[in-house]
Amino acid sequence: MAIFLTKESKVLVQGMTGGEGMKHTRRMLAAGTDIVGGVNPRKAGQAVDFDDRVVPVFGSVREGMAATGADVTVVFVPPAFAKAAVIEAADAGIGLAVVITEGIPVHDSVAFHAYAVTKGARVIGPNCPGLITPGQSNAGIIPADITKPGRIGLVSKSGTLTYQLMYELRDIGFSTCVGIGGDPVVGTTHIDCLAAFQDDPDTELVVLIGEIGGDAEERAAAYVRDHVTKPVVAYIAGFTAPEGRTMGHAGAIVSGSSGTAQAKKEALEAAGVRVGGTPTETARLVLTRWESERVAAQG
């Protein structure tokens, strides 16, 4: 199984005919994603030939869904048009909108996230790498060839660290990897993914990657303590961040102990989560826990 995305998912790409949309649509198709259409009102009725698959272009998400049965959209439109794109998808009844676009104004993200909730649509992102269920489907920009199907679930604020942990744990493999993005406002959270992985019978261990700033990781720690029975291993980026300075795409301002990597580490460890000091150490912790779980299961 998997969470949020499977081989049955039918995917539209809003902004498919742009440069980034074209490049990543080709990569998603190569990973086995069932991309059923692109969306561009100015090119409706056209089609794009991706070597072994011709993908039609629709004038709207509603039109694409009606023609193909699509239930997922990946958004590659420029920041100024992202809010309208997500609202259009939500209005059409899409189940999942994966917003890759970076640089979206926070007030736009607040607006489209709130609107999507009223329509029953899940949003992942913005400013995220998307998600991948290896061997089944890939919605976004995560490289598909750095890991394999397996039984680890991964949820991460950081795209780069998503890729590193996927690669370092490739011998075990992953059920689903979700890059939720590191903007101040995101749709799907660590807690949403933890809940889904807890309910997924094919996920046996969860890796959580966080960053300095805010309290998302502290809230995730409380959720793990109260609701998650599966092993969780974590890494927090930003242990060497200077106090009081905005850091990276997370827009995280650390003041005193609030939002620091150390505070997040302590909260997670208090909930029974092992926290690595580096990505590689985190991978070693996962491998150790994985092996111990295998021994316990056999014994």
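The line from CG of Asp192 to CZ of Phe197 is 11.5 Å long, rounded to the nearest 0.5 Å. In this structure, CD1 in Ile236 is found 10.5 Å from CD1 in Ile212, a value given to the nearest 0.5 Å. A distance of 7.5 Å separates CG of Leu205 from CD1 of Ile172, quoted to the nearest 0.5 Å. Taking CG of Leu287 as the reference point, atom CD of Glu168 lies at 9.0 Å (rounded to 0.5 Å). For the atom pair Ile180 CD1 and Ile124 CD1, the distance stands at 9.5 Å (nearest 0.5 Å). Taken to the nearest 0.5 Å, the CE atom of Met28 stands 11.0 Å off from the CD1 atom of Ile132.
Remark: Lys10 NZ is loosely packed, at most 12 non-hydrogen atoms of other residues, nucleotides or ligands lying under 6.0 Å away. Around the NZ atom of Lys148, the shell of radius 6.0 Å holds more than 12 heavy atoms that belong to other residues, nucleotides or ligands. Dense packing is recorded around CZ of Arg151, with more than 12 heavy atoms of other residues, nucleotides or ligands lying under 6.0 Å away.
Contact annotation: the side chain of Val233 never approaches that of Leu208 to less than 4.5 Å [non-hydrogen atoms, C-beta and beyond]. Residues Thr101 and Pro126 fail the side-chain proximity criterion, which asks for heavy atoms closer than 4.5 Å. Proximity of Val48 to Val57: side-chain heavy atoms (C-beta onward) are separated by under 4.5 Å at one or more points. Inter-residue side-chain proximity for Val36 and Leu12 is flagged as met; some heavy-atom pair is nearer than 4.5 Å. Looking at heavy atoms from C-beta onward, Ile152 lies in side-chain contact with Val286 at the 4.5 angstrom threshold. For the pair Ser137 and Asp34, the minimum side-chain heavy-atom distance is 4.5 Å or more. Counting only heavy atoms from C-beta outward, the side chains of Met166 and Cys177 approach each other to under 4.5 Å. Inter-residue side-chain proximity for Thr17 and Gln46 is flagged as unmet; no heavy-atom pair is nearer than 4.5 Å.
Judged purely by distance below 3.5 Å, without hydrogens or angles, the side chains of Thr73 and Gln14 pair a donor atom with an acceptor atom. With no hydrogens or angles considered, a side-chain donor-acceptor pair links Thr229 and Gln198 at under 3.5 Å. There is no side-chain donor-acceptor pair under 3.5 Å between Asp202 and Ser175.
Across Ser9 and Val72, no two heavy atoms sit closer than the pair CB-CG2, 4.1 Å. Here the shortest heavy-atom pairing between Pro279 and Gln164 reads CB-NE2, 3.4 Å. Between Ala70 and Ile94, the shortest heavy-atom contact is O-CD1, 4.1 Å. The heavy-atom pair separating Ala92 from Val61 by the smallest distance is CB-CG1, 3.8 Å. The two residues Glu293 and Pro231 come nearest to each other via the heavy atoms OE2-CG, 3.8 Å. Across every non-hydrogen atom of Asp199 and Pro201, the tightest pair is O-CD, 3.3 Å.
Screening residues 126-171 for ring pair (Phe, Tyr, Trp, His ring centres under 6.0 Å) gives no qualifying pairs among residues at least two apart or on separate chains. The ring pair (Phe, Tyr, Trp, His ring centres under 6.0 Å) pairs that include a residue from residues 45-65 number zero, where partners must be two or more places apart or lie in different chains.
The side chain to side chain contact (heavy atoms under 4.5 Å, CB included) check on Ala221 picks up Ala267, Leu268, Ala271, with sequence neighbours excluded. In terms of the salt bridge (Lys or Arg N to Asp or Glu O under 4.0 Å) criterion, Arg225 has no residue partners (sequence neighbours excluded). With sequence neighbours excluded, the residues forming a salt bridge (Lys or Arg N to Asp or Glu O under 4.0 Å) with Glu269 are Lys265, listed by chain and number.
With Thr133 as reference, Leu5 is the one residue of Thr33, Thr6, Leu5 to meet the side chain to side chain contact (heavy atoms under 4.5 Å, CB included) rule. Screening Glu217, Glu211, His190 for a side chain to side chain donor-acceptor pair (under 3.5 Å) with Lys157, the sole residue that qualifies is Glu217.
Using modelled atom types, one side-chain atom of Asn138 and one backbone atom of Ile142 make a donor-acceptor pair closer than 3.5 Å. Within the 3.5 Å criterion, the main-chain N or O of Phe76 finds no donor-acceptor partner in the side chain of Glu20. In terms of modelled atom types and a separation under 3.5 Å, the side chain of Glu88 and the main chain of Ala84 share no donor-acceptor contact. Listed for the Asp49 side chain is a donor-acceptor partner under 3.5 Å among the backbone atoms of Asp51. In this structure, Arg27 contributes its side chain and Ala144 its backbone to no donor-acceptor pair below 3.5 Å.
Applying the 4.5 Å side-chain rule to ILVMFWY residues, one finds Val75, Val77, Phe81, Val86, Ile87, Val99, Ile104, Phe112, Val123 in the same cluster as Tyr115.
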Test salt bridge (Lys or Arg N to Asp or Glu O under 4.0 Å) on Lys230 and Glu204 and set out the steps. CA-CA 6 Å; Lys230 297 178 181 181; Glu204 296 185 12; over 6 Å; no
Passes salt bridge (Lys or Arg N to Asp or Glu O under 4.0 Å), Asp91 versus Arg62? Steps please. CA-CA 8 Å; Asp91 273 335; Arg62 189 179 300 277; 5.6 Å; no
Is there a side chain to side chain contact (heavy atoms under 4.5 Å, CB included) between Val55 and Met16? Walk through the geometry before answering. CA-CA 10 Å; Val55 179; Met16 185 185 75; 3.7 Å; yes
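Residues Ile141 and Leu96 are members of one and the same hydrophobic cluster, defined by side-chain heavy-atom contacts under 4.5 angstrom among Ile, Leu, Val, Met, Phe, Trp and Tyr. Taken together through direct or relayed side-chain contacts under 4.5 Å among Ile, Leu, Val, Met, Phe, Trp and Tyr, Leu194 and Ile3 form part of one hydrophobic cluster. Both Val228 and Phe4 belong to a single network of hydrophobic side chains, linked directly or stepwise wherever heavy atoms of I, L, V, M, F, W or Y lie under 4.5 Å apart. Ile146 and Ile209 end up in the same hydrophobic cluster when Ile, Leu, Val, Met, Phe, Trp and Tyr side chains are linked at under 4.5 Å. Note on Leu165 and Tyr235: same hydrophobic cluster, where clusters join Ile, Leu, Val, Met, Phe, Trp and Tyr whose side-chain heavy atoms are under 4.5 Å apart, directly or indirectly.
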